[in-house]
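Bear in mind the structure is a predicted one, so any value in this text is a computation, not a measurement. Naming convention: chains lettered A, B, ... in sequence-line order (proteins, then strands); numbering from 1 in each chain. Just the heavy atoms: all of them, side chains too, but no hydrogens, waters or symmetry mates, feed the values below.
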Amino acid sequence: MNSYAQKRGFLATLWDYLTTVDHKKIAILYLVAGGFFFVLGGIEALLIRVQLAVPNNDFMSADMFNQVMTMHGTTMIFLAAMPLLFALMNAVLPLQIGARDVAFPFINALGFWLFLFGGIFLNLSWFLGGAPDAGWTSYASLSLASEGKRIDFYTLGLQISGFGTLMAGINFIVTIINMRTTGMTYMRMPMFTWTTFVACSLILFAFPPLTISIFFLIFDRLFGAQFFNVDMGGNTIIWEHLFWIFGHPEVYILVLPAFGIFSEVISTFSRKRLFGYASMVFATVLIGFLGFMVWAHHMFTTGLGPIANAIFAVATMAIAVPTGIKIFNWLLTMWGGSIKLTTPMLYAVAFIPSFVIGGVTGIMNAASVADYQYHDTYFVVGHFHYVILGGVVFAVLAGLHFYWPKMFGTMLNETLGKITFWLFLIGFHLTFFVQHFLGLMGMPRRTFTFLEGQGLETGNYISSIGSVLMAVASVILVINIIITSVKNKKVGNDPWGDGRTLEWSISSPPPYYNFKQLPLVRSIDAYWHEKMEGRKEMPPAEPLGDIHMPNPSFIPFMISFGLFIAAFGAMYRPDYSWGLPVLIGGLVITFGSMLVRSLKDDLGTYIKKEELDDDKGVKA
Amino acid sequence: MVKEEIQTNNGVNVQYRRKRNKREMRHQLISFLLMIFLTLVAFFVVGYGDFSVWFVIPFILILASVQVGFQLYYFMHMSNKGHEAPALFIYSAVLVAFVTILAFITIIWI
Amino acid sequence: MKRFTRWRLSLLLVIMAFILSGCGEPYLSSLRPAGEVAKKQFHLMLLSTAIMVLVILVVTTLFVIVLIRFRRKDDRIPEQVEGSHKLEVIWTVIPIILILILALPTVKATLALGNMSGMEDEDAVVVNVRASLYWWEFEYPNEGIVTSQELVVPTDEKIFFNLTASDVKHSFWVPALGGTLDTNTDNVNTFWLQIDSDAAEEAGNLFYGKCAELCGPSHALMDSKVRAVSRDEYDRWIKGMKAAKEPQKPETALAKKGEEIFNEKGCISCHAVTSANSTIEAARIGPNLTDFGERAYVVGILQNNKEELKKWLKNPESVKPANKMTGTYEELTEEELDALAEYLLSLKVTE
Amino acid sequence: MQIQEKMTFETWPAVPEKETLEGRNKFLGFWLFLGGETVLFATLFATYLALKDKVPGPDHPLAQDLYSMPLVFVMTMLLLTSSLTSVYAIYHMKNFNFKKMRFWFIITVLLGLGFLGCEIYEFNHYVHDYNHTFSSSAFGSAFYTLVGFHGAHVIFGLCWITALVVRNWRRGLSLYNAPKFYVASLYWHFIDVVWVFIFSVVYLMGMVG
Ligand code: HEA
Ligand code: HEA
Ligand code: CUA
Ligand SMILES: [Cu+2]
């Protein structure tokens, strides 16, 4: 009886999450899925490091290594880092601008399910004949030569999840432009909102080139096109350009929201407003703009010619300037502040030197002639793990600890959090610092082994040890999360005590309508401003009234599921007769669901004013 | 939501609006005729004119751009107010598009 | 003041050069540049590293001061500073200057290395590099000869390269001599290298090259070698190669038997034992073996001796996974292996 | 509920598509989507330009051999006119005249179908009379992908407008569906914008060489 009730409870919750359009629940979905993929990508990273711990290792075959390496990069970038950032955006962005919801709750859910189905599709390759093996960049000549279905998993999986990302991006831009509460002018928006805004604009312009280049590859491999077939007049460099026109902005799509999170954390725990807010905004926009002008720095050795190389080298170096502005603004925010080293703040603080090291090696890469020596070596691997871990992963970890109470109403354990931090920090530097030197000493990247007696043993061994430390740190984080969830000690609105922005002015977790009355914003750092004036709550911008809420819907799941099915059809169509019907069937599910969506009026529901008045009627 | 009350219009307003819509429609018609004209010119230059390639290609590209301007500003109402954000994003897109195409006709060799 | 900074900068450069050049092996490491190109690149690496170390030092210093001085001691609310135009200008301008210091030499060096003048000269040393899964072919168009795996070039001269790939993209990289350049399937890329004779001597006249672009399972093992010799020795080698227009006559009986096996088993259909470049590229399926006996390595990674060669011939897959030779010929007996090895090792063009 | 309220011309707002928050969101979101589409088509154009006339052998047709002026001209006129008719439809939408709006949208769809018919004829012609197919050369792939992507947009636009018209055939205009009609017409105009570049860059420039 009891277990039956429990089971029903579980199914009801499951259904709730499958159909939810609430940004706070979607945040949790992103967090769980992104966290899962991070662990998966992390395990793949560990396998890489085990294989490379000693020379001539036969832990993995060469073929297996290429799959693991490719899937590590692809998983981490597309399925771990971006979704984890989307989780944080969904969790706090509407709260930060004082909105009850995002602009397109339905599309928000759709974005998540597309990402998840794309990710699952990609990873099913492990069980269906092998994973993609041409690197996360999947350069065209190799990806055309790759046999079996491996690359098709890559193209179709990324295509599906790419659509999801694009939708999530548009949703956030519109949310930020249209859904801000009264008084929340552009120049009062919290920094995380600003960076999300710019990052999502980059998504909007960077993902279409990826979509198209992936289409080309799909067409070439599955439908007989000749885009990259040199014998038929094709050109493989087109892939390189399109991939990097996407790929370079992509790294700023990752790092800009990270910058936003650090801005929030640093100013909160320094108890100071962000130094040089206006120039921070300016720098963010400038980074976004320059991000589109520099992609060919990944192609210095492709043979574009000295003129093109020189132009792109100088353009790339220019990015040091706005990024530097940000670094110094953060330092000056802390200068004269009252710094409290909580776990999120530790990550934010450690980020500064770590990211600067990664950033300056980026500038070293930008010196085209020197890059001829770095390109496709472990120097580059060192560079980008420094910026990605020191920037993005630290930000996700900082944001996770920082916003955990807002998302779940309970605080992660600080002691365990600090242990995680120190282990991760040490492991991270140990792993990746030596890699720069390995590269300079002649170790190419994407190599499944290295030979004895070429001076590469020590460095690789150290690097492998470091990665174990990171793994231990991650395990402790998981333990921390479990312990915290079991204890589930509830906290109030502003558990850190120093909250500055609107999200800290409402309960943790917030009610599903977020704000009973939309708040009136009278200053930058609105909540801090009211606290300093002695108020406990935000002044309302509207009288108490009915609240309009969207209906939950199962259609996002169905649309995504249809594409998932269609992808199998497309992939097996050349080999099996059932491929085509499955492809069509999948598309029918997708477009049919879209048709249902557009023909069935969905007017949402209203929470009545009376229900709000009487707090009992409204469950959080 | 914040601003959902409907403005009711009194009789004067309605008359005014009808007129204004009509005027706008006339503009649309004129821009349509211009677009047709530009198209004809482009086809003519290619089909019957005897011009050098170095003139024809830039010329028809300019004609196309002007015509697209008409589409955007009149047919798609970008000339109306409340289109700041669309304009910002469309122009950014055009910039990215331009850089992409420029790269593809200069540094993709074969 | 300015002199002082410059002095400090060059001191830093010297110290760094000293530390870095302790790293790696002279035949492999880009930190032990052995020629003009690698040196140009190394100088730029040093300059950029110096600037970067400077940046890191400044940031870290500020960082440490902040963390020491401004930790929370009481519950006071610090002043909410909005910003400072003066500071913002400073930290915009200084990075711009630093970037310019780096950008100018970068542009200059890029153009200099892109300068291919001299390649058309009749007596220029020109090499066509063709990369295939997982081996390298080196053709000398001016001499009309082909060799594989080990490139032989004279020191102290500019060597011009045309690079291309025959199946998938690879990248030709000899770190100690200069940075990488991709071998594309679409086009021919060009660059040049130059090798100092004393550096060559230090490296034992043999530089190690790597494939720097993921190209399949054995990408890690797609090594090439550059044998840098004096002009005299180079000429001698060229002469020997040019003379090898006919298959060499094996001397011992075992080698003779090896030759027969080589022809019967179909090895000859992929491997030429003459140096002329008269067959079309597509028909040169495997490495040219004309001077195989003089190579230091088998397939770029195994010491070239009887033992290792037999290992390769017996089961290429165990040496280079997914290579294109595996399974293209019937299994060889121990005697056949012996004979083949004897024969192959006897293939030499210089005495 | 305000959004479904029965309207009259008097109560119908001047900018009906942006009257509700949902409408404003849809409006902006759609423009952003068009920004993304701009880049999407730009990459297709760029690829087309890079691969134009890239064929494996001399027996393959080139741009100059393929394109014919009259057909492209007819297609252009059909699509341009359909753009005008959808402007008419929106004009009547603003004047709260559902029947006329419906009429002009139907005309738009018919013109669009005409365009599509021409395109199908054209592709068929190239494939059967010239052996210029999706797989015959990189040029073929790039051509069919660019023009075909546009064609797919036309098909989607036709389905979309048709679905909207049929669904609201009896219901008339409301603040709920006004943004939908508006956005659909934006989409249709965008299709036309892309076509302007296609006929200029692909066909006209292809004919001059
Ligand atoms: C979050 C991700 C991220 C970030 C933020 C960056 C930031 C930068 N990256 Fe990086 N990069 C990657 C992720 C990232 N990169 C990845 C994943 C790859 C490899 C892809 C692959 O091949 O698989 C790569 C590869 C890569 C290359 C190609 C290397 C090669 O393959 O040969 C280059 C070349 O120019 C480059 C440059 C830069 C530059 C100039 C920055 C700049 O934005 C950095 C700017 C920051 C600073 C400079 C520090 C702070 C500034 C100051 C303190 C001011 C003073 C400083 C100076 C005056 C110098 N990156
Ligand atoms: C967001 C991006 C991201 C992140 C976070 C990481 C994280 C890590 N990466 Fe990754 N990496 C890339 C993006 C990223 N990487 C990309 C794009 C490439 C290029 C791929 C290509 O060339 O195509 C690459 C390539 C790459 C290489 C080079 C491979 C090669 O060229 O051959 C290496 C080698 O050391 C490496 C190592 C690591 C390590 C040790 C971590 C560590 O930080 C990982 C730490 C995390 C964990 C260790 C999680 C562990 C969790 C657990 C252990 C939980 C266990 C629980 C249970 C078992 C229940 N990475
Ligand atoms: Cu060839 Cu890697
Ligand atoms: Cu980049």
By a 4.5 Å heavy-atom criterion (distance strictly below it), what part of [X] contacts chain D: side chain, backbone, both, or neither?
| X | answer |
| --- | --- |
| N178(A) | both |
| I238(A) | side chain |
| M594(A) | side chain |
| F223(A) | both |

Would you give the length of the straight line joining atom [atom1] of [X] to atom [atom2] of [Y], rounded to the nearest 0.5 angstrom?
| X | Y | atom1 | atom2 | answer |
| --- | --- | --- | --- | --- |
| M179(A) | N25(D) | CE | CG | 5.5 Å |
| L51(D) | N235(A) | CG | CG | 6.5 Å |
| I107(A) | K26(D) | CD1 | NZ | 8.5 Å |
| S598(A) | R167(D) | OG | CZ | 9.0 Å |
| L21(D) | R100(A) | CG | CZ | 11.0 Å |
| T47(D) | F215(A) | OG1 | CZ | 13.5 Å |

Under the side chain to side chain donor-acceptor pair (under 3.5 Å) test, which residues partner Y91(D), sequence neighbours left out? none
Interchain contact, Y48(D) with chain A, by part (heavy-atom threshold 4.5 Å): neither
Chain A contact via T38(D) - side chain, backbone, both or neither, heavy atoms under 4.5 Å: neither
If we ignore hydrogens and angles and just use 3.5 Å, is the side chain of T43(D) paired with the main-chain N or O of P209(A) as donor and acceptor? no
Only pairs of heavy atoms separated by less than 4.5 Å count here; which of F149(D), Y144(D), F41(D) has the most with chain A? F149(D)
